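Right, one structure below, let's go through it.
These numbers come from a predicted model, not from an experiment. Proteins come first, then strands; the chains are lettered A, B, ... in the order of their sequence lines, and each starts at number 1.
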Protein chains: 2
Amino acid sequence: MDAEKPLVDQSGRALGPRAVQTRERLLEATAELLSKRSVREIRVVEIARKVGTSPATFYQYFKDVEEAALRLAEQAAEEMPALAKLFDGTWQGKKAIETSRTIVAEFIRHWDEHRAVLLLRNLEADEGNRRFMRVRRNALTPILEQIAARIKEGQAAGQVTRDINAYAAAAALASILERLSAYHKELEHFGVTRDDLVETCARILLQTVTGKA
Amino acid sequence: MDAEKPLVDQSGRALGPRAVQTRERLLEATAELLSKRSVREIRVVEIARKVGTSPATFYQYFKDVEEAALRLAEQAAEEMPALAKLFDGTWQGKKAIETSRTIVAEFIRHWDEHRAVLLLRNLEADEGNRRFMRVRRNALTPILEQIAARIKEGQAAGQVTRDINAYAAAAALASILERLSAYHKELEHFGVTRDDLVETCARILLQTVTGKA
DNA sequence: CAAAAATCTGATATAGCGTCAGATTTCTCT
DNA sequence: AGAGAAATCTGACGCTATATCAGATTTTTG
């Protein structure tokens, strides 16, 4: 399924086992720092120190911190196809809300796990950075396709109005999913718990996708 | 209505007219650069050069580029109360969809105008930067309150399910609104026009707020 | 185990940040 | 108008982090 992509250093040479491991540890350290502070505040020296190596080593594998972040975003994206599969569950009758809930909960879990990297990915993508746009598109396309497919089914069955565009609605729903984990702390100001959030989102998803109240 | 807040420089002294003008030009230059490249890539020297002054002058008025961005976010937030007022339009009968459409269109316009600054504001807020969190909360609260109020009306009238939490739903809808302009270019890949987007969002907003299909 | 390949790092030039003392401009008062 | 005061601006500089490269160190190979 996935061909072994050969990792290379900055000069294009393939990496041996030791190098692969060093690179991986640099990525882990970067992820950890990214979840603590903003990219701008991350010093390459610090990443290196965390791994017990020198800045020069970092530059052997990555052009800059941004490139390391890009690789992390690619790793996170690998979880998406599994997540998209959840849409294959039933959308008929009482079980439909459970399908919807599972998807929402899984999506939030994915975000909680990769929060810092995904936020950065989206910022860069929104700012027009092509490489991050590509990663985001690759990550979201399976989800968008699935939502859009369900909406089209709903429209074909006459349950969902044809005034909405399936892809636009899919993007809107994906936006909700993407932004929820980021908001959930602020929402506590309004007395909204995480469960409220999951349930509410699940209802909006279900309603928009199937037309059911 | 709004008391004149006295502007001050880094050492706390009030600004005279010349200084106010210089500060304003520095802010404009910052906004312009922010819309061209990422914060990380903005050099203070460059902002200064654009205004025909020196870096030291910039530091007279702002602690760093982030602070200038914060001030820009505060300026953008001043548009929100007017936007929130749009929710006072009718939500009864056929006109309801027009109210919804107007809100969505205005929100997107606001984002198109302040895109770079708002994206940065959200990234910083998501990363836990208190000052940006405050600005975002101040900006969004009027909108959230309005949406939540409509939903509660819908629930009281028995049109909207009580399984959803009004504030969570409001936040979800605000997320859609906030993220749409950022997406609209990528959505063209899927053949979604801006009008599709406005219409689809307006429908989701209407449906969630009033329970109407 | 010596030579070759792979990997790592000390040293460094380069560049932007942020500060401050003092220069320049504008204002005030007679 | 013009001297002194206040406001505003800037040149110069010390500091920190980036990013590179030649060469040192470690691992692999035959």
Side-chain angles (χ1 to χ4, degrees), chain A residues 4-30 32-34 36-71 120 124 129 131, chain B residues 4-30 32-34 36-71 120 124 129 131:
Chain A
E4 286 301 310
K5 41 198 165 174
L7 295 173
V8 296
D9 71 7
Q10 283 308 94
S11 62
R13 216 202 327 272
L15 302 188
R18 180 163 56 130
V20 168
Q21 197 187 330
T22 303
R23 199 192 96 114
E24 193 54 40
R25 281 191 296 148
L26 285 167
L27 277 179
E28 279 164 26
T30 305
E32 204 175 319
L33 285 170
L34 265 179
K36 285 215 193 71
R37 70 196 71 174
S38 130
V39 202
R40 265 174 307 151
E41 291 159 355
I42 292 180
R43 305 287 151 236
V44 172
V45 190
E46 222 174 344
I47 299 174
R49 199 164 31 218
K50 244 179 141 60
V51 172
T53 182
S54 74
T57 300
F58 179 91
Y59 288 108
Q60 185 121 35
Y61 300 111
F62 308 104
K63 198 175 135 290
D64 49 29
V65 178
E66 177 184 308
E67 184 176 314
L70 183 72
R71 297 284 104 83
L120 178 58
E124 290 290 337
N129 185 317
R131 302 196 300 173
Chain B
E4 286 300 312
K5 41 196 168 178
L7 296 173
V8 296
D9 70 8
Q10 283 309 94
S11 61
R13 215 200 330 271
L15 302 188
R18 181 164 53 132
V20 168
Q21 198 187 331
T22 302
R23 200 192 96 114
E24 193 53 41
R25 281 193 295 150
L26 285 166
L27 277 178
E28 279 164 25
T30 305
E32 204 175 320
L33 285 170
L34 266 178
K36 285 213 192 71
R37 72 196 70 175
S38 131
V39 203
R40 266 174 306 153
E41 292 159 354
I42 293 180
R43 304 287 151 236
V44 173
V45 188
E46 221 174 345
I47 300 175
R49 198 161 35 219
K50 243 178 142 59
V51 172
T53 182
S54 74
T57 300
F58 179 92
Y59 288 107
Q60 185 122 34
Y61 300 111
F62 308 104
K63 197 177 135 287
D64 50 28
V65 178
E66 178 184 308
E67 183 176 314
L70 183 72
R71 297 284 105 82
L120 179 57
E124 290 290 338
N129 185 317
R131 302 196 301 171

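Going from atom CZ of A:Arg18 over to atom P of D:dT26 covers 9 Å, rounded to whole Å. The separation between B:Glu46 atom CD and C:dA15 atom C1' is 13 Å, rounded to whole Å. Atoms CD (A:Gln10) and C1' (D:dT18) sit 14 Å apart, rounded to a whole Å. Rounded to whole Å, the distance from CG on B:Leu26 to C1' on D:dT8 is 12 Å. The distance between atom CG of B:Leu7 and atom P of D:dT8, rounded to the nearest whole Å, is 11 Å. Separating the CD1 atom of A:Ile42 from the P atom of D:dA19 is a distance of 14 Å, rounded to the nearest angstrom. To the nearest angstrom, P of D:dT26 lies 16 Å from CD of A:Gln21. B:Asp9 places its CG atom 9 Å from the C1' atom of D:dT8, with the value rounded to the nearest Å.
The distance from the CG atom of B:Leu15 to the CD atom of B:Glu24 is 11.0 Å, given to the nearest 0.5 Å. Distance check, rounded to the nearest 0.5 Å: NZ of A:Lys50 to OG1 of A:Thr30 gives 10.0 Å.
B:Arg71 has a carboxylate O that lies under 4.0 Å from a charged side-chain N of B:Glu67, or vice versa, which qualifies the two as a salt bridge. Between A:Glu46 and A:Lys36, none of the side-chain N atoms (NZ, or NE/NH1/NH2) sits under 4.0 Å from a carboxylate O, so this pair counts as no salt bridge.
Evaluation of the salt bridge (Lys or Arg N to Asp or Glu O under 4.0 Å) rule for A:Glu66 yields B:Arg40 as partners, not counting sequence neighbours.
The side-chain hydrogen bond (donor to acceptor under 3.5 Å, both in side chains) contacts involving residues 10-20 of chain A comprise A:Asp9-A:Ser11, where partners must be two or more places apart or lie in separate chains.
Within residues 47-69 of chain B, the residues approached by DNA chain D to less than 4.0 Å at the level of any non-hydrogen atom are B:Thr53, B:Ser54, B:Ala56, B:Thr57, B:Gln60, B:Tyr61, in residue-number order.
Closest to the A:Arg43 side chain, of the nucleotides C:dA6, D:dT18, C:dC17, is D:dT18.
The nearest heavy atom of DNA chain D to A:Val45 and to B:Arg13 marks one nucleotide each, and the one closer to the 5' end goes with B:Arg13.
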